There are 2 protein chains.
Amino acid sequence: MAEVNIKYLAAKLKLSPSTVSRALNDSYEISQPTKERVVAMAKELNYQPNPFARSLREQKSKTIAVIIPERINNFFSQVIDGIEEITQEYGYHLLVYSTHENVETERKIVSYLLNGRVDAIVMSVSSQTKKTDHLETVFEKAVPLIFFDRICQEIPTTKFISNDYENGFKATIHLIEKGCKRIFFLMLSKEISIGKERLRGYQDALKKHGLPYEENWIVQCSQSEEANIKLIAKILYGLDRPDGILASVEKLAIATYHAARETKLEMPKDFKMVSFSNMKIAGLLKPSLTTISQPAFEIGSEMAKLLMKKLTKPNQPAFENKVIQMPSQIDFRESSN
Amino acid sequence: MAEVNIKYLAAKLKLSPSTVSRALNDSYEISQPTKERVVAMAKELNYQPNPFARSLREQKSKTIAVIIPERINNFFSQVIDGIEEITQEYGYHLLVYSTHENVETERKIVSYLLNGRVDAIVMSVSSQTKKTDHLETVFEKAVPLIFFDRICQEIPTTKFISNDYENGFKATIHLIEKGCKRIFFLMLSKEISIGKERLRGYQDALKKHGLPYEENWIVQCSQSEEANIKLIAKILYGLDRPDGILASVEKLAIATYHAARETKLEMPKDFKMVSFSNMKIAGLLKPSLTTISQPAFEIGSEMAKLLMKKLTKPNQPAFENKVIQMPSQIDFRESSN
DNA sequence: AATATTGATGCAAACGATTTCGGGTCAAAG
DNA sequence: CTTTGACCCGAAATCGTTTGCATCAATATT
């Protein structure tokens with residue numbers, strides 16, 4: 001408990017706390033010899049400035065909050081790795097929260113962060129998020145905010161996504177070219193942005209090829225893995241079952257694999273599938289999965305660069321209200337062949 | 001910027017800051033009507049106490065650091081989910097750091113945390129960690145510390161692992177029973193604790209069945225995925241190639257899948273494999289993978305419970321120097337059949 | 001030679017909360 | 001009529017930094 005603080009250091013050096021502080025911060029007001037003396041003593045006593053005192057005084061925390069819908073997800077893990085890559089250089093810390101796709105949790109987390117605990121928030125909204133008043137509050141309180149992947153269009157700030165529309169389109173065209181006529185679209189929720197964009201791409205691709213589609217081809221799944229498997233299995237059992245599936249998120253592709261096992265249907269013979277996914281082992285699945293993978297790490301590092309610029313340089317403007325698209329990569333594999 | 005603080009609240013209510021503080025903290029010294037008036041006003045103005053002022057005064061941060069070797073790993077993600085499940089009930093925050101299996105990074109991270117920024121540290125050491133002086137410093141500074149999975153025996157605190165020895169043993173026996181005679185053991189590094197325990201189990205199982213093994217059957221892999229694939233492929237190409245593999249961590253099992261592709265060898269025909277892994281989709285691989293999966297979520301939540309007890313109750317003793325084992329589960333699948 | 005300037009340092013206030021100490025009121029008890 | 005104690009509240013110190021302003025000596029300027 002005998003913490004070595006700046007006062008203790010000052011006493012040891014027979015200087016005032018202010019001089020010590022300035023010396024450690026390399027102020028021009030302090031003479032070179034004094035600086036060296038102070039720095040040496042600080043090192044010797046292993047002095048570590050108290051972060052809270054500093055934060056209180058400076059009104060900044062050197063901490064950034066990252067809010068994601070789920071942790072067990074390669075995409076989000078990679079994004080965080082990308083963020084950390086940049087922020088750690090600047091000595092920033094990362095508070096990571098998972099909403100577990102629950103809006104109430106999301107609201108609670110956000111409310112914890114409005115008191116200055118973090119200097120900025122990076123988030124991907126939950127699939128249940130429809131009302132966005134809690135996010136507007138963040139914006140109004142002038143806490144720098146960046147969205148990625150699951151973005152919130154209503155808030156005028158910078159958002160990072162990949163070319164979702166284009167890839168929804170391309171993936172659908174790919175399935176069509178492979179001979180699919182009845183392509184179903186699996187999505188988590190009508191609310192989330194990426195779902196919508198990918199869906200638009202899907203719809204436009206069908207339209208372009210003059211393929212009609214039924215409303216019930218657009219399947220809304222839930223949070224429960226089991227329920228999703230059941231739902232998809234039911235669809236696969238149906239008389240009017242799909243010969244192609246576009247899964248808008250990884251977990252639905254996995255549910256489809258399980259459903260295919262249950263129904264004893266085989267990809268790509270009985271139906272083909274393409275999925276948005278950042279799974280590294282997509283190529284090792286049976287059958288290997290055709291994926292559209294986002295540049296997750298780069299999305300993270302780009303966001304962090306933007307943040308660091310804003311937070312470490314003086315007089316930075318607020319984030320522009322724009323959407324930055326980073327291209328995904330499509331890897332064709334057995335599941336759609 | 002017009003932050004509503006306790007002084008502002010006090011002025012509005014024509015009370016002193018101390019009374020407001022007491023009222024909000026439900027002190028017995030404040031009359032019921034006053035309390036209600038204060039709480040109502042606080043709610044109306046959406047007052048949020050400044051966390052740094054509080055932390056500075058209270059000398060605690062309500063924040064816990066979680067340090068893991070890598071983020072893109074189901075096991076660690078699940079552990080963090082388990083930790084969060086408990087800590088969020090208590091209003092604690094989680095700072096998450098990845099060492100990327102790098103000791104230097106680990107040292108740096110740890111040094112950032114010695115100034116009171118966090119109330120406790122939960123960690124799994126990097127595979128490169130051999131010298132442990134930086135961890136001893138944490139212990140000496142009396143920052144509560146818990147290890148899990150990759151533990152550090154030298155530090156006298158509580159550690160959480162699963163029954164690694166037993167499972168290394170069982171997995172090896174299983175391979176032997178399936179007819180394997182030349183079982184190789186893949187590990188990340190000789191340093192890490194779990195590797196050692198799992199290795200002991202492997203060795204004892206062989207010994208029990210009177211099977212000799214060569215020193216070079218114990219394969220030390222690296223951090224580079226590519227290098228690992230090459231190394232394993234080379235082993236599979238060898239004349240004295242294995243007919244069984246026990247992978248002590250998930251990423252080596254995956255590397256083995258890739259190596260098998262390269263060498264055109266097929267599991268389980270040409271060789272069988274069992275791996276420690278928390279992959280959810282082990283059953284969807286080709287071939288599906290026999291796994292030993294740790295109760296990751298429970299390890300996380302148990303650690304968090306212990307932490308919360310220590311941090312929220314008065315006069316708690318330091319963590320006992322003991323290792324708590326939580327049983328893993330083995331799922332037999334095609335790869336070892 | 002008197003004054004202005006510069007350089008190096010110290011004093012004290014501030015950041016926003018909690019808490020120790022102490023003061024005042026009022027009713028019941030002595 | 002005083003004493004006691006319960007009850008309610010405010011002033012001020014405190015946590016560890018940073019920083020505006022004051023101080024004081026030495027040097028530069030006129």
Side-chain angles (χ1 to χ4, degrees), chain A residues 1-39 41-42 45-63 91 112 114-119 141 314, chain B residues 1-39 41-42 45-63 91 112 114-119 141 314:
Chain A
M1 284 302 159
E3 277 314 312
V4 34
N5 56 26
I6 215 168
K7 246 189 249 169
Y8 181 80
L9 254 186
K12 273 271 185 190
L13 289 158
K14 294 200 205 290
L15 286 173
S16 82
S18 46
T19 305
V20 175
S21 171
R22 277 187 265 251
L24 291 173
N25 292 323
D26 202 22
S27 159
Y28 70 97
E29 296 180 285
I30 304 298
S31 69
Q32 201 52 41
T34 310
K35 274 185 193 171
E36 282 164 15
R37 224 160 54 87
V38 172
V39 170
M41 179 65 83
L45 298 184
N46 193 25
Y47 165 73
Q48 301 273 33
N50 181 303
F52 305 119
R54 185 174 275 175
S55 288
L56 180 58
R57 176 66 216 231
E58 308 260 276
Q59 302 287 47
K60 53 180 158 182
S61 61
K62 287 209 136 201
T63 303
Y112 290 152
L114 293 176
N115 51 15
R117 186 178 284 276
V118 296
D119 295 342
K141 285 244 179 180
Chain B
M1 284 300 158
E3 276 313 312
V4 34
N5 57 25
I6 212 167
K7 244 189 251 168
Y8 181 79
L9 252 187
K12 274 270 184 192
L13 288 158
K14 295 201 203 294
L15 286 173
S16 81
S18 43
T19 305
V20 175
S21 171
R22 275 187 270 249
L24 291 173
N25 291 323
D26 203 23
S27 158
Y28 70 96
E29 295 180 284
I30 305 297
S31 69
Q32 200 53 40
T34 309
K35 276 184 192 171
E36 282 164 16
R37 224 161 54 87
V38 172
V39 170
M41 179 66 82
L45 299 183
N46 193 25
Y47 165 72
Q48 300 274 34
N50 181 303
F52 305 118
R54 186 176 273 174
S55 288
L56 179 58
R57 174 68 216 231
E58 308 260 278
Q59 302 286 47
K60 54 180 157 183
S61 61
K62 287 209 136 201
T63 302
Y112 289 152
L114 293 176
N115 51 15
R117 187 179 284 275
V118 296
D119 295 342
K141 284 245 180 180

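The structure presented is a predicted model; accordingly, all values stated were derived computationally and were not measured. Letters go in sequence order (proteins before strands), and every chain restarts at 1.
A pairwise comparison of heavy atoms in A/N46 and A/V4 identifies O-CG1, 4.3 Å as the closest pair. Nearest approach of B/P17 to B/A10, heavy atoms of both residues: N-CB, 3.6 Å.
The distance from atom CD of A/Q59 to atom P of D/dT17 is 17 Å, rounded to the nearest whole Å. Look at OH on B/Y8: it is 20 Å from C1' on C/dA14, rounded to the nearest Å. Residue A/I6 contributes atom CD1, which lies 14 Å from atom P of C/dC11 at whole-angstrom precision. The separation between A/L13 atom CG and C/dT9 atom P is 11 Å, rounded to whole Å. Following rounding to the nearest Å, A/K60 (NZ) and C/dA14 (P) show an atom-to-atom distance of 21 Å. Look at CG on B/N50: it is 17 Å from P on C/dA14, rounded to the nearest Å. Here the C1' atom of nucleotide D/dT19 and the CG atom of A/L56 are 14 Å apart, to the nearest Å. Residue A/E58 contributes atom CD, which lies 8 Å from atom C1' of D/dT17 at whole-angstrom precision.
A heavy atom closer than 4.0 Å to some atom of DNA chain D occurs in A/S18, A/S21, A/R22, A/N25, these being the qualifying members of residues 15-34 of chain A.
Applying the 6.0 Å contact sphere to NZ of B/K141 captures more than 12 heavy atoms from other residues, nucleotides or ligands. Enclosure of atom NZ in A/K35 by more than 12 non-hydrogen atoms of other residues, nucleotides or ligands within 6.0 angstrom is indicated.
Checking the phosphate oxygens (OP1, OP2) of C/dG16, no side-chain nitrogen or oxygen of B/R54 falls inside 4.0 Å.
For B/R57 against C/dT18, a side-chain N or O and a base N or O form a donor-acceptor pair under 3.5 Å.
Here the side chains of B/S18 and B/R22 are in contact, with some heavy-atom distance below 4.5 Å. Between A/M41 and A/L15, the closest side-chain pair of non-hydrogen atoms is not below 4.5 Å. Residues A/L13 and A/V38 have side chains in contact (heavy-atom distance under 4.5 Å, counting atoms from C-beta outward). Two residues are said to be in side-chain contact when any heavy atoms from C-beta on lie closer than 4.5 Å; A/L9 and A/L45 meet this criterion.
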All N/O pairs under 3.5 Å across the protein-nucleotides 23-27 of chain D interface:
none

The test is side-chain contact (heavy atoms from CB on, under 4.5 Å); show your working for A/T63 and B/R117 and say whether it passes.
CA-CA 11 Å; A/T63 303; B/R117 187 179 284 275; 3.9 Å; yes
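Mapping B/K14 and A/N5 onto DNA chain D by nearest heavy atom places B/K14 at the nucleotide closer to the 5' end.
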